[in-house]
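Since the structure comes first, as structure tokens, the remarks are kept for the end.
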Number of protein chains: 2
Amino acid sequence: MIIEIDFNSDEAIYVQLCNQIILGIATSQFREGEQLPSVRQLAETIGINMHTVNKAYSILQQDGFVKIDRRRGAIIAIDIDKLRALNEAKSELAVVLARAMCKGIGRDDIHTLVDQIYDHYEG
Amino acid sequence: MIIEIDFNSDEAIYVQLCNQIILGIATSQFREGEQLPSVRQLAETIGINMHTVNKAYSILQQDGFVKIDRRRGAIIAIDIDKLRALNEAKSELAVVLARAMCKGIGRDDIHTLVDQIYDHYEG
DNA sequence: CATATGTTATACTAAATATATCACAAACTT
DNA sequence: AAGTTTGTGATATATTTAGTATAACATATG
């Protein structure tokens, strides 16, 4: 999978890394049990520091997307806590939808967007 | 409207301020043309610095939620650019939904959440 | 004139971000 | 056994962001 970092973005590099890997999992570019590049490899490929990659991996582990094995590095391993995930999704959605609603975006518009994104991920 | 800041949150104070005001607009606690507290007033009420409030107001102005008048302070004034708002909503949703999808949350779950939030805002 | 408004400027502390090395134990490869 | 690769830890440094503390200013209102 190709990981692209926007160095001019206001988003921190490790945040971009996390999001791209999660996006990769959602689009089946990464699959359960698959091995991520080592922190040193990925750091060199992207052209950033080893510790920045390590921070991203640690967060992914904490959030239950990978497990880190000393032998093989970071491995995709989804820890499913659906209730917790639902609560997090709801509070994140609340902020996004409030912005949208202020701008005149109706509930139907959002449903359409959700379907578009899910189609793109599952397709 | 009561604005509450969590000083232990990892979210910056000015970000929390922005989100709460946008939430207030979405729930009709703030209405078009209504006046927000002055930067000095709100800063004293919350117990933070004037500049922190000013930063939040400036961002809200830049994002098209308020207009700032030297005479009357910050006034709710939504600038509707629906196409732009749709694009922003979509890219923000993409990240949230990717996380959700990895955790086994299906499209129906999301639609339910969206309806819950919209009901709460419009209700 | 006095007051309240947003705005601007400066200075400072603290935290977050990212990089640069160095070192270590564990596991694998040869 | 030797060497390599793995994640991890420690330390140091530079940069940026966040937040505060003052002070001053122009403008509008009373």
Side-chain angles (χ1 to χ4, degrees), chain A residues 1 3-22 30 33-79 95, chain B residues 1 3-22 30 33-79 95:
Chain A
M1 180 196 176
I3 291 180
E4 288 187 359
I5 298 298
D6 177 9
F7 291 100
N8 296 323
S9 170
D10 53 339
E11 260 188 346
I13 296 176
Y14 75 94
V15 174
Q16 293 185 54
L17 256 179
C18 285
N19 285 340
Q20 293 223 14
I21 291 172
I22 291 173
F30 289 130
E34 194 170 338
Q35 185 175 341
L36 290 176
S38 78
V39 290
R40 289 178 173 83
Q41 274 183 354
L42 188 52
E44 197 183 5
T45 302
I46 302 178
I48 59 177
N49 191 271
M50 178 186 62
H51 295 295
T52 306
V53 179
N54 193 49
K55 185 171 185 176
Y57 281 7
S58 296
I59 292 176
L60 287 175
Q61 181 186 34
Q62 190 184 337
D63 289 356
F65 290 99
V66 307
K67 282 185 179 173
I68 295 182
D69 183 358
R70 178 174 290 276
R71 299 169 281 180
R72 296 190 293 156
I75 297 182
I76 308 292
I78 309 295
D79 171 47
V95 179
Chain B
M1 182 198 177
I3 291 180
E4 289 188 359
I5 298 298
D6 177 9
F7 292 100
N8 295 324
S9 170
D10 53 338
E11 260 189 343
I13 295 176
Y14 75 93
V15 175
Q16 293 185 54
L17 257 179
C18 285
N19 285 340
Q20 293 224 13
I21 291 171
I22 290 173
F30 289 130
E34 195 171 337
Q35 186 175 340
L36 289 176
S38 78
V39 290
R40 289 178 175 83
Q41 274 182 354
L42 188 52
E44 197 182 6
T45 302
I46 302 177
I48 59 176
N49 192 271
M50 177 187 64
H51 296 294
T52 306
V53 179
N54 193 48
K55 186 171 185 177
Y57 280 8
S58 297
I59 291 176
L60 288 174
Q61 181 186 35
Q62 190 184 338
D63 289 355
F65 291 98
V66 307
K67 282 186 178 170
I68 295 180
D69 183 358
R70 179 175 291 277
R71 301 170 279 179
R72 297 190 294 155
I75 297 182
I76 307 292
I78 309 295
D79 172 47
V95 180

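Order of the sequence lines fixes the chain letters, A, B, ..., with proteins taken first and strands second; residue numbering starts at 1 for each chain. Both backbone and side-chain heavy atoms feed into the values below; hydrogens, waters and symmetry mates do not. Because the structure is a prediction, the values reported are computed rather than measured.
- Residues L17(B) and I46(B) form a side-chain contact, since some pair of their non-hydrogen atoms from C-beta on lies under 4.5 Å apart.
- Of the possible donor and acceptor atoms, one in the side chain of Q16(B) sits under 3.5 Å from a partner among the backbone N and O of D6(B).
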Apply side chain to side chain contact (heavy atoms under 4.5 Å, CB included) to residues I75(B) and L36(B) and explain how you reach the verdict. CA-CA 6 Å; I75(B) 297 182; L36(B) 289 176; over 6 Å; no

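- Nearer the 5' end of DNA chain C, as judged by each residue's closest nucleotide, is the contact made by Q61(B), out of R70(A) and Q61(B).
- Within the 4.5 Å cutoff, the side chain of F65(A) has no heavy atoms near those of the I21(A) side chain.
- With contacts defined as side-chain heavy-atom distances shorter than 4.5 Å, the pair Y57(A)/V39(A) qualifies.
- Qualifying side-chain contact (heavy atoms from CB on, under 4.5 Å) partners for S38(B), counting only residues two or more places apart in sequence or in other chains: R40(B), Q41(B).
- Side-chain contact between E11(A) and N19(A) is present, with heavy atoms from C-beta onward closer than 4.5 Å.
- The shortest distance between the side-chain N/O atoms of T52(A) and the OP1/OP2 oxygens of dT19(C) is below 4.0 Å.
- Along DNA chain D, the stretch of nucleotides lying under 4.0 Å from any heavy atom of chain B spans, 5' to 3', dA18(D) to dT29(D).
- Rounded to 10°, the angle separating the first-five-pair axis and the last-five-pair axis of the helix from dC1(C)-dG30(D) to dT30(C)-dA1(D) equals 20°.
- Without hydrogens or angle criteria, Q35(B) side chain to R72(B) main chain gives a donor-acceptor distance under 3.5 Å.
- Candidate nucleotides dT5(C), dA25(C), dT17(C) were compared by shortest atom distance to the side chain of K55(A), and dT17(C) ranks first.
- Following rounding to the nearest Å, N8(B) (CG) and dA15(C) (C1') show an atom-to-atom distance of 15 Å.
- For N49(A), the side-chain atoms get nearest to dA20(C) when compared with the rest of dG6(C), dA20(C), dC22(C).
- Residue R72(A) contributes atom CZ, which lies 17 Å from atom C1' of dT29(C) at whole-angstrom precision.
- At a cut-off of 3.5 angstrom, the base of dT7(C) holds no donor-acceptor pair with the side chain of H51(B).
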Side chain to side chain contact (heavy atoms under 4.5 Å, CB included) for F7(A) and I48(A)? Distances and angles first, verdict last. CA-CA 10 Å; F7(A) 291 100; I48(A) 59 177; 3.7 Å; yes

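- Look at CD1 on I68(A): it is 16 Å from C1' on dA27(C), rounded to the nearest Å.
- Among the protein residues, Y14(A) comes within range of the sugar-phosphate backbone only, with heavy atoms under 4.0 Å from sugar or phosphate atoms but none that close to a base.
- Considering only heavy atoms from C-beta on, I68(A) stays 4.5 Å or farther from L60(A) through its side chain.
- Look at CD1 on I48(B): it is 22 Å from P on dT13(C), rounded to the nearest Å.
- Summarising the geometry, the separation between CG on L42(B) and C1' on dT5(C) is reported as 15 Å, rounded to the nearest angstrom.
- As a whole-Å value, the separation of F7(B) CZ from dA15(C) C1' is 16 Å.
- Distances shown here put a side-chain N or O of N54(B) below 4.0 Å from the OP1 or OP2 atom of dT7(C).
- Counting to the nearest Å, the C1' atom of dT7(C) and the CE atom of M50(B) are 9 Å from each other.
- For Q41(B) and dT5(C), the CD to C1' distance is 10 Å, given to the nearest whole Å.
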